[in-house]
Amino acid sequence: MPPATASFQAILDAAEALVQVKGCRRMTLQDIIRQTGLSKGAIYHYVSGKDELLGMLLQSRVEQMNVRFAEAVTDPATPGLGDPLRLIAESMVRSASERDVTSNIFIYMLSRMDNSKVNAMVREMYAFALQTCTRWIDAGKMHGAIAAEADSAKLAEPLILFMYGMRVQRTIMQEQQLMTVNDLVAIMSRLLQP
């Protein structure tokens, strides 16, 4: 992912706003150019196309969540799993909601898996999400909230599967999630604690 600059952040912000209004399929890089006021060359300095931009937007969301998680885990006022798990659960519920563009981008990217570049990006996003989730579990182990002998990679997989499943369920059902933040915290607590 390119370094965070004001121009790149403006591109991400514009893409998010445009996906909210137009959807992934109808949004174009020309729309991004109009919305940001940046030149075509400036846009292509950061991304090679719309699909790459959407993938970067998804990755930036995971990175934002990772920063919030790290802050919660290292805060001495919040020992244990409670606050970090709540942050993750809130993010999962939010990302699976109709109002959050990441769910729409995720489903759009899955629908384009026959494109080799998109296929590679989706696989990279999955690996990045799995690696991030594994690091979260490692942080919980390091702080004594998760058993030291727990296999972080094996625990991360069902969490990613659950998160992706919530997005697909929302797409199929077209209604508000039945799963609450408290439900998710309870499920993750049972999974992560011996």
Side-chain angles (χ1 to χ4, degrees), residues 1-75 83-84 86-136 138-139 156 159-160 163-164 166-168 170-171:
M1 192 137 131
T5 65
S7 293
F8 183 64
Q9 190 57 53
I11 293 167
L12 289 177
D13 294 344
E16 185 170 348
L18 286 162
V19 168
Q20 189 75 46
V21 173
K22 295 182 95 174
C24 294
R25 293 197 190 285
R26 291 187 11 242
M27 182 201 77
T28 66
L29 288 183
Q30 191 62 42
D31 293 328
I32 302 289
I33 291 167
R34 275 193 294 277
Q35 182 132 346
T36 62
L38 296 169
S39 70
K40 185 176 183 177
I43 302 292
Y44 282 101
H45 171 74
Y46 294 103
V47 297
S48 63
K50 176 173 80 170
D51 292 336
E52 183 180 18
L53 173 58
L54 294 174
M56 287 178 172
L57 183 54
L58 284 179
Q59 184 174 339
S60 76
R61 284 292 192 85
V62 173
E63 289 172 352
Q64 290 168 11
M65 180 60 221
N66 193 41
V67 168
R68 289 193 304 272
F69 177 83
E71 289 169 354
V73 155
T74 57
D75 183 356
D83 286 348
R86 179 159 295 284
L87 273 174
I88 293 168
E90 287 169 354
S91 177
M92 288 172 72
V93 168
R94 187 174 40 257
S95 70
S97 82
E98 192 174 332
R99 293 179 306 276
D100 190 276
V101 299
T102 60
S103 187
N104 296 329
I105 295 169
F106 176 75
I107 298 300
Y108 167 79
M109 297 295 275
L110 289 180
S111 77
R112 304 236 330 114
M113 289 285 288
D114 59 335
N115 177 303
S116 61
K117 280 182 85 172
V118 174
N119 187 302
M121 279 189 292
V122 170
R123 289 176 179 275
E124 287 172 23
M125 285 186 296
Y126 178 82
F128 179 74
L130 188 61
Q131 179 185 42
T132 300
C133 192
T134 301
R135 282 195 315 264
W136 293 344
D138 287 341
L159 292 176
I160 296 296
M163 179 180 66
Y164 286 179
M166 287 177 64
R167 289 175 170 178
V168 172
R170 197 271 313 155
T171 301

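Computation of the quantities below employed the complete heavy-atom set of this structure, encompassing side-chain atoms and omitting hydrogens, waters and symmetry-equivalent molecules.
For Asn119 against Met113, the heavy-atom pair with the smallest separation is ND2-O, 3.2 Å. For the residue pair Met109 and Met121, the shortest heavy atom distance occurs at CE-CE, 3.9 Å. Between Cys24 and Val19 the shortest heavy-atom distance is SG-CG1, 3.8 Å. Between Arg167 and Ile107, the closest heavy-atom pair is O-CD1, 4.3 Å. In terms of heavy-atom proximity, Tyr44 sits nearest to Gly49 at CE2-N, 4.4 Å.
In this structure, Arg123 places its CZ atom where only 12 or fewer heavy-atom neighbours from other residues, nucleotides or ligands lie under 6.0 Å away.
Inter-residue side-chain proximity for Met56 and Ile11 is flagged as unmet; no heavy-atom pair is nearer than 4.5 Å. Put simply, the side chain of Met163 does not reach to within 4.5 Å of the side chain of Cys133, judged on heavy atoms.
Using a 3.5 Å distance cut-off with no hydrogens or angles, the side chains of Gln59 and Glu63 do pair a donor with an acceptor.
Residues Lys22 and Asp31 are paired through a salt bridge, judged by an N-O separation under 4.0 Å between the basic side chain and the carboxylate.
Distance check, rounded to the nearest 0.5 Å: CD1 of Ile160 to CZ of Phe128 gives 10.5 Å. Taking CG of Leu53 as the reference point, atom CG of Leu57 lies at 6.5 Å (rounded to 0.5 Å).
Residues passing the salt bridge (charged side-chain N to carboxylate O under 4.0 Å, His left out) test with Arg135, sequence neighbours excluded: none.
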